[in-house]
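Shown next, in structure tokens, is the structure this report addresses.
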Amino acid sequence: MVKTNRSNNEIRPKARSAKSSAWKNNVRAGKPLPVTGVLNLNSTIPRDFYDRDTVTVARELLGCILVHRTPEGTTAGKIVETEAYLQGDPACHAARRMTPRNSVMFGPPGYAYVYFTYGMHYCFNVVSASEGVGEAVLVRALEPLVGIPLMQGRRGRQNTRELCSGPAKLTQAMGIAREHNRRDLTMGDLYICPGDADAPIVTTTRIGIKEGAELPLRFYLQNNGYVSRK
DNA sequence: AAGATGATTTTCT
DNA sequence: GAAAATCATCTTT
């Protein structure tokens with residue numbers, strides 16, 4: 001199932017087999033990447049991608065592109081860091097029982113679970129696994145690709161590395177908030193394009209939790225400068 | 001470079 | 001009433 005009714009293509013960073021020192025210096029300085037090629041944002045990952053075990057979904061989301069089209073403009077970024085939250089996992093919001101907040105996690109896969117936390121931040125998750133299984137993937141970092149000036153305005157920051165290198169930073173940069181909770185990500189203005197990891201996947205422990213902190217359920221693209229932390 | 005702290009409100013106990 | 005899947009800023013080393 002591929003959508004073809006999107007508007008025109010978007011620019012993307014120039015593809016390079018080996019990253020030059022100039023490229024690395026730009027990333028280090030937080031400067032926008034050179035743009036020359038074309039990025040196709042006209043396809044949407046189908047629901048069956050998400051209807052698999054959550055660790056697989058978390059790993060395979062690396063390299064895919066999160067897109068949000070809004071009246072102010074389109075923003076998009078490559079997913080470079082994720083975490084899996086599983087049934088029987090004490091850190092999972094759905095660990096105890098179904099509540100009004102976590103019920104979307106028990107529903108069909110391919111929907112957004114957006115929650116508000118610490119009195120001021122939103123975090124964006126993708127519901128994974130089959131209906132009835134309360135699991136999801138937290139998207140923790142993006143490499144900004146499209147709409148960088150819009151992201152900079154929303155974030156109040158110029159440095160590209162400070163736009164999407166954390167779960168609450170990325171929702172702010174992308175314009176994702178409570179109205180996006182329970183959105184169907186297989187259609188509409190908030191969606192994910194297919195993509196492949198362009199670096200080895202590092203597996204490590206999750207950030208910011210107390211229980212379940214030893215489980216290897218965090219994944220990121222090795223040597224990517226936009227990950228929230230090593 | 002690393003550690004501590006305040007902001008601010010929803011959600012569940 | 002306490003904790004929270006965080007972030008920015010400030011202090012200390």
Side-chain angles (χ1 to χ4, degrees), chain A residues 28-30 50 53-59 61-62 66 75 77 79-107 109 111-129 133-144 151-183 185 190 192 201-221 225-230:
Chain A
R28 203 170 306 136
Y50 304 107
D53 79 88
T54 296
V55 168
T56 299
V57 174
R59 296 176 64 92
L61 276 173
L62 295 174
L66 179 63
T75 50
I79 297 172
V80 299
E81 178 182 349
T82 60
E83 287 177 355
Y85 286 86
L86 310 177
Q87 274 208 330
D89 161 17
C92 181
H93 285 177
R96 295 176 181 253
R97 62 185 146 280
M98 192 183 294
T99 67
R101 177 171 79 155
N102 67 26
S103 63
V104 65
M105 296 177 73
F106 292 90
Y111 286 79
Y113 168 45
V114 179
Y115 67 87
F116 183 74
T117 191
Y118 292 107
M120 53 179 65
H121 299 301
Y122 295 97
C123 293
F124 170 77
N125 299 251
V126 180
V127 174
S128 54
V133 180
E135 302 190 345
V137 175
L138 172 68
V139 178
R140 282 196 58 92
L142 307 174
E143 178 176 329
M151 292 183 181
Q152 288 169 324
R154 286 168 171 163
R155 288 275 300 132
R157 290 284 180 287
Q158 290 298 119
N159 191 317
T160 309
R161 286 170 307 172
E162 297 180 29
L163 299 180
C164 299
S165 54
K169 296 178 188 178
L170 115 225
T171 55
Q172 186 180 25
M174 294 289 289
I176 297 171
R178 69 174 1 96
E179 65 268 26
H180 299 100
N181 192 29
R182 302 171 183 273
R183 281 281 178 90
L185 297 171
L190 180 64
I192 305 177
I201 297 174
V202 178
T203 302
T204 180
T205 52
R206 296 172 295 180
I207 293 176
I209 56 173
K210 303 181 105 167
E211 297 183 290
E214 313 308 315
L215 299 172
L217 294 174
R218 175 172 171 248
F219 311 96
Y220 65 85
L221 295 178
Y226 299 93
V227 167
S228 67
R229 55 179 258 208
K230 308 291 182 188

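Bear in mind that the values here come from a model prediction, so they are computed numbers and not experimental data. Chain naming here is simple, since letters A, B, ... match the order of the sequence lines and numbering starts at 1 in each.
- Side chains of A:Tyr226 and A:Cys164 form no contact here, defined as non-hydrogen atoms less than 4.5 Å apart.
- Extent of DNA chain B lying under 4.0 Å from chain A heavy atoms, first and last nucleotide in 5' to 3' order, is B:dA7 to B:dT13.
- No side-chain heavy atom of A:Asp89 sits under 4.5 Å from any side-chain heavy atom of A:Glu135.
- As judged by a 4.0 angstrom heavy-atom cut-off over every strand, A:Arg178 is placed among residues touching the sugar-phosphate backbone only.
- When side chains are defined from C-beta on, A:Thr171 does not count as touching A:His121, because their heavy atoms never get closer than 4.5 Å.
- The pair A:Glu81-A:Arg218 meets the salt-bridge criterion, since a charged nitrogen lies less than 4.0 angstrom from a carboxylate oxygen.
- Of all heavy-atom pairs spanning A:Val55 and A:Leu86, the tightest one is CG2-CD1, 4.4 Å.
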When every nucleotide of nucleotides 5-13 of chain C is labelled 5' to 3' by its protein contacts under 4.0 Å (heavy atoms), B for base, S for sugar-phosphate only, - for none, what sequence of letters results? BBSSS----
Writing each nucleotide of DNA chain B 5' to 3' as (, ), [, ], | or . by Watson-Crick or G-U pairing under 3.5 Å yields |||||||.||||.
Show the numbers, then the answer: is there a ring pair (Phe, Tyr, Trp, His ring centres under 6.0 Å) between A:Tyr115 and A:His93? CA-CA 10 Å; A:Tyr115 67 87; A:His93 285 177; 4.6 Å; yes
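- Not a single side chain to side chain donor-acceptor pair (under 3.5 Å) links A:Arg101 to another residue, sequence neighbours left out.
- A:Tyr122 is linked by a side chain to side chain donor-acceptor pair (under 3.5 Å) to A:Arg178, counting only residues two or more places apart in sequence or in another chain.
- A:Arg154 is linked by a salt bridge (charged side-chain N to carboxylate O under 4.0 Å, His left out) to A:Glu72, counting only residues two or more places apart in sequence or in another chain.
- When only modelled atom types and interatomic distance are considered, A:Asn159 and A:Arg161 share a side-chain donor-acceptor pair under 3.5 Å.
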